[in-house]
Amino acid sequence: GGASWMEFVEFVCAIAEELRMQAAEESGQTFEFHLAEQIALPFRPVISKCHFDRIFCWPDHPLESVVVMEEGQSGFYLHRPKTLSRKKRVEGHQHDLLSATFLPAPFNCTATSGNDNLVCFWDENFNLVKKWTLDQTWTGEKGKVTSAGVLCWCHEIGALYAADHFSEHVRAWRIKDMMQIKASEGILEPDKRLSLMKHSTHTKAVQAIC
């Protein structure tokens with residue numbers, strides 16, 4: 001029961017025609033798409049190419065807000081904790097944001113740092129209270145300024161720790177109350193007794209402090 005050459009060619013042509021017909025039928029299918037602008041995206045960053053960089057949530061903050069920092073942005077948004085819908089945008093820094101920490105009662109204050117050599121302090125409603133520039137008072141080197149890559153509040157000892165964004169240095173300020181921050185004409189001098197340098201083995205910038 002062998003097949004002739006012509007029968008084999010006819011078989012191949014028939015299979016090819018059947019596949020062609022199937023492809024033609026499938027190409028006629030339609031798909032329904034929805035425009036992105038018509039879909040509510042409350043969590044999407046403002047600029048299409050940026051991403052959420054850091055998110056901070058402090059359950060004991062009186063404003064009950066989530067702080068969301070977007071990549072490459074100098075301002076940050078306050079979001080509602082349950083829905084993450086935006087409440088308002090907060091401006092104060094001049095360059096992209098790096099860190100934030102909350103100082104609970106009796107301070108009820110939030111501190112943020114940016115890649116602009118600034119540490120900003122905000123009251124419980126996120127109104128700007130004070131700006132500190134991390135100049136030679138903090139660096140200990142004449143004419144040198146830097147940025148704080150990480151902030152961390154240690155409530156037990158009343159100390160605000162800051163890690164240099166460009167070196168292994170970690171220094172801290174002893175803060176007694178909000179009046180001390182408001183009354184300061186410039187950045188406070190760090191408390192050398194709180195320095196972590198003598199206990200640290202890091203050789204590069206510290207990425208986190210808990």
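Any value given below was found using the heavy atoms of this structure, including those in side chains, with hydrogens, waters and symmetry copies removed.
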Joint hydrophobic cluster, Leu160 plus Met178, side-chain heavy atoms closer than 4.5 Å: yes

side-chain contact (heavy atoms from CB on, under 4.5 Å) filter on Gln180, not counting sequence neighbours, yields Ile175, Lys176, Asp177, Leu188

His61 meets the side-chain contact (heavy atoms from CB on, under 4.5 Å) criterion, sequence neighbours left out, with Trp58, Leu63, Phe102, Thr110, Phe126

By side-chain contact (heavy atoms from CB on, under 4.5 Å), Asp116 pairs with (sequence neighbours left out) His93, Gln94, His95, Leu118

*Is the side chain of Arg171 donor-acceptor paired with the backbone N or O of Asp191 at a distance under 3.5 Å, no angle test?*
no

message: According to a hydrophobic-cluster definition based on side-chain heavy atoms being under 4.5 Å apart (Ile, Leu, Val, Met, Phe, Trp, Tyr only), do Val90 and Val67 belong together?
response: yes

By side-chain contact (heavy atoms from CB on, under 4.5 Å), Thr146 pairs with (sequence neighbours left out) Leu134, Trp138, Thr139, Asp164, Phe166

Hydrophobic cluster membership, with links at side-chain heavy-atom distances under 4.5 Å among I/L/V/M/F/W/Y: are Val150 and Val170 in one?
yes

Closest non-hydrogen atoms of Ala159 and Trp153, given as atom of the first, atom of the second and distance, are O-CE3, 3.2 Å

Counting heavy atoms not belonging to Lys87, are there more than 12 under 6.0 Å from its NZ? yes

In short, salt bridge (charged side-chain N to carboxylate O under 4.0 Å, His left out) pairs touching residues 134-152 with sequence neighbours left out are Glu141-Lys144

Sorted by chain and residue number, the ring-ring contact (aromatic ring centres under 6.0 Å, His included) partners of Trp122 (sequence neighbours excluded) come out as Phe76

